[in-house]
Protein chains: 2
Amino acid sequence: MTKKSADPVNGHPPATRQVPMRDFSRSLPMSLLRAREAVMRQFRPSLREHGLTEQQWRILRALAAIEAVEVTELARTAFLLGPSLSRILRDLEARNLIERKTAKADQRRSMVSISKEGLKLMASVAPTSEAIYAEITRRFGARKLAELQEMLGELERSLAGLGGADETIAGE
Amino acid sequence: MTKKSADPVNGHPPATRQVPMRDFSRSLPMSLLRAREAVMRQFRPSLREHGLTEQQWRILRALAAIEAVEVTELARTAFLLGPSLSRILRDLEARNLIERKTAKADQRRSMVSISKEGLKLMASVAPTSEAIYAEITRRFGARKLAELQEMLGELERSLAGLGGADETIAGE
DNA sequence: CGCATTCACTTAACATGTTAAGTATCTCGC
DNA sequence: GCGAGATACTTAACATGTTAAGTGAATGCG
């Protein structure tokens, strides 16, 4: 009822394959993208109710575990690029969810920390978030989940050296 | 030499954990995100050389395998949201990489297909792309790669019913 | 037939991803 | 102690992600 992909406009067979390539929909990047989307789709509604985006939530979580961090370190932890983080921190600061002060020793660095309000917000989101994660774990299986994460880590590590671009190699 | 995360500004231990939550950096979404980034980092430079973004490449690949598709179907195949696709198609059309014509039977639908130029561009990118994919497969292991993709598919399927939000359930 | 709904897209608006520049500091060699 | 280069961010500019609203064309029903 939702759709009928049979009967295209003309009677062409579904594949012409004018350029030789793997089946696109089964490529690793697509598999990873779809899997991640399937997971995040579960969390977004809850975050949205609290006026948080996925990235903002990542930042708050990273901050909740520590006293204060410099922006660069936070970028690494939350897996965000500097410019994205810069913007998001500006907004989170305007909402009083985080605090910032320049480091004494080095005026270039600014130390970021979560505010009392930020902690309150986290406390109100965390339970739902944990429950969703638990449900995902239940459905997929804790054992398999651990296995999957292990494989993902291995994949990362196996590609670590293969620099995508500006790889600053020692002897070059 | 690149960094020394020891010796933070004050002598605080690295974790304060003011809100009880899983270790953030080991969450499934983060694992998937990092793994995908590790993979895509390999491809981006090559695509960039040809003036293509990751998404544009996805669209061309999806189109290369078929005669013509409607936009909605293409969105599903390339895993893009309608608005993103709409913009990208506008740009690809301006670059003469794709062609568009409204369907005869239904004036609302527009059928998209790859152009001769688009095919030429694909042909020039595909070899490098395949080589990179082969290297990734070699490094990670073909067997493990297949296993990983199987698990990712299972994960997707296990979350299929768990509607993130607007899930239109039959009896509600 | 007439018209409210539904459909297939497109536009708009705002947030992030991504690369390149810009700015203020800091470091180091001379 | 000064000037070139490195650092830590921030801004800018453009592309995409994401949700909501808009537009024109088909459908269904009285």
Side-chain angles (χ1 to χ4, degrees), chain A residues 1-5 9 33-34 36-37 40-41 43-45 47-49 51-59 69-76 78-95 100-112 164-166 168, chain B residues 1-4 9 29 33-34 36-37 40-41 43-45 47-49 51-59 69-76 78-95 100-112 164-166 168:
Chain A
M1 206 61 65
T2 308
K3 60 164 186 173
K4 18 174 73 184
S5 50
V9 176
L33 182 57
R34 280 196 301 250
R36 182 172 149 73
E37 179 54 31
M40 283 314 301
R41 179 163 40 238
F43 292 99
R44 267 192 271 270
L47 294 179
R48 188 177 171 70
E49 279 179 19
L52 289 173
T53 66
E54 177 190 334
Q55 292 82 355
Q56 293 169 343
W57 178 236
R58 285 219 297 274
I59 292 173
V69 265
E70 23 184 305
V71 173
T72 301
E73 172 66 13
L74 181 54
R76 187 166 34 245
F79 207 68
L80 293 169
L81 293 179
S84 292
L85 182 54
S86 206
R87 279 178 306 213
I88 300 175
L89 288 180
R90 164 167 51 69
D91 299 347
L92 290 179
E93 189 172 26
R95 288 167 63 182
R100 219 174 343 186
K101 59 179 182 181
T102 58
K104 312 164 193 70
D106 188 337
Q107 297 297 113
R108 292 172 305 182
R109 291 173 155 77
S110 83
M111 304 304 293
V112 184
D166 54 348
T168 307
Chain B
M1 208 56 62
T2 308
K3 60 164 186 173
K4 19 174 72 186
V9 176
L33 183 56
R34 279 196 301 250
R36 182 173 148 76
E37 179 54 29
M40 283 314 301
R41 179 164 42 237
F43 291 100
R44 266 191 273 270
L47 294 179
R48 187 177 171 70
E49 277 178 20
L52 288 174
T53 66
E54 177 190 333
Q55 293 81 357
Q56 293 169 342
W57 179 236
R58 286 220 297 274
I59 292 172
V69 264
E70 21 184 306
V71 174
T72 301
E73 172 65 14
L74 180 56
R76 188 165 35 244
F79 207 68
L80 293 169
L81 293 179
S84 292
L85 182 53
S86 206
R87 278 178 307 214
I88 300 175
L89 287 180
R90 163 168 51 70
D91 299 347
L92 291 179
E93 189 173 24
R95 287 168 64 183
R100 219 176 340 188
K101 59 178 181 180
T102 58
K104 313 166 193 68
D106 187 336
Q107 297 297 112
R108 291 171 307 180
R109 292 172 155 78
S110 83
M111 304 304 292
V112 184
D166 53 350
T168 307

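Letters A, B, ... are given to chains in the order of the sequence lines, protein chains preceding strands, and every chain is numbered from 1. Just the heavy atoms: all of them, side chains too, but no hydrogens, waters or symmetry mates, feed the values below.
Considering only residues two or more places apart in sequence or on other chains, B/Gln107 meets the side chain to side chain contact (heavy atoms under 4.5 Å, CB included) condition with B/Thr102.
When atom types are taken as modelled, the side chain of A/Glu73 and the backbone of A/Glu70 share no donor-acceptor pair closer than 3.5 angstrom. Proximity of a side-chain donor or acceptor of B/Arg100 to a complementary backbone N or O of B/Ser110 within less than 3.5 Å is not detected.
In this structure, B/Gln55 and B/Arg87 have side chains that are not in contact, with every pair of non-hydrogen atoms separated by 4.5 Å or more. Looking at heavy atoms from C-beta onward, A/Arg58 lies in side-chain contact with B/Leu33 at the 4.5 angstrom threshold. Within the 4.5 Å cutoff, the side chain of B/Val112 has no heavy atoms near those of the B/Ile59 side chain.
Taking atom CG of residue B/Leu89 and atom P of nucleotide C/dC9, one finds them 10 Å apart after rounding to whole Å. Between the CG atom of B/Leu74 and the C1' atom of C/dT10 there is a distance of 15 Å, given to the nearest Å. Summarising the geometry, the separation between NZ on B/Lys101 and P on C/dC9 is reported as 15 Å, rounded to the nearest angstrom. At whole-Å resolution of the value, CE in A/Met111 and C1' in D/dC9 are 14 Å apart.
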Scoring nucleotides 15-20 of chain D by protein non-hydrogen atoms under 4.0 Å (B base, S sugar-phosphate only, - none) yields SBBBBB
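Regarding contacts with the backbone of D/dC9, a side-chain N or O of A/Thr72 is found under 4.0 angstrom from either OP1 or OP2.
Between A/Leu52 atom CG and A/Leu92 atom CG the span is 7.5 Å, to the nearest 0.5 Å.
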N/O contacts under 3.5 Å, protein versus nucleotides 21-29 of chain D?
| residue | atom | partner | partner atom | Å |
| --- | --- | --- | --- | --- |
| D/dA26 | OP1 | B/Gln107 | N | 2.9 |

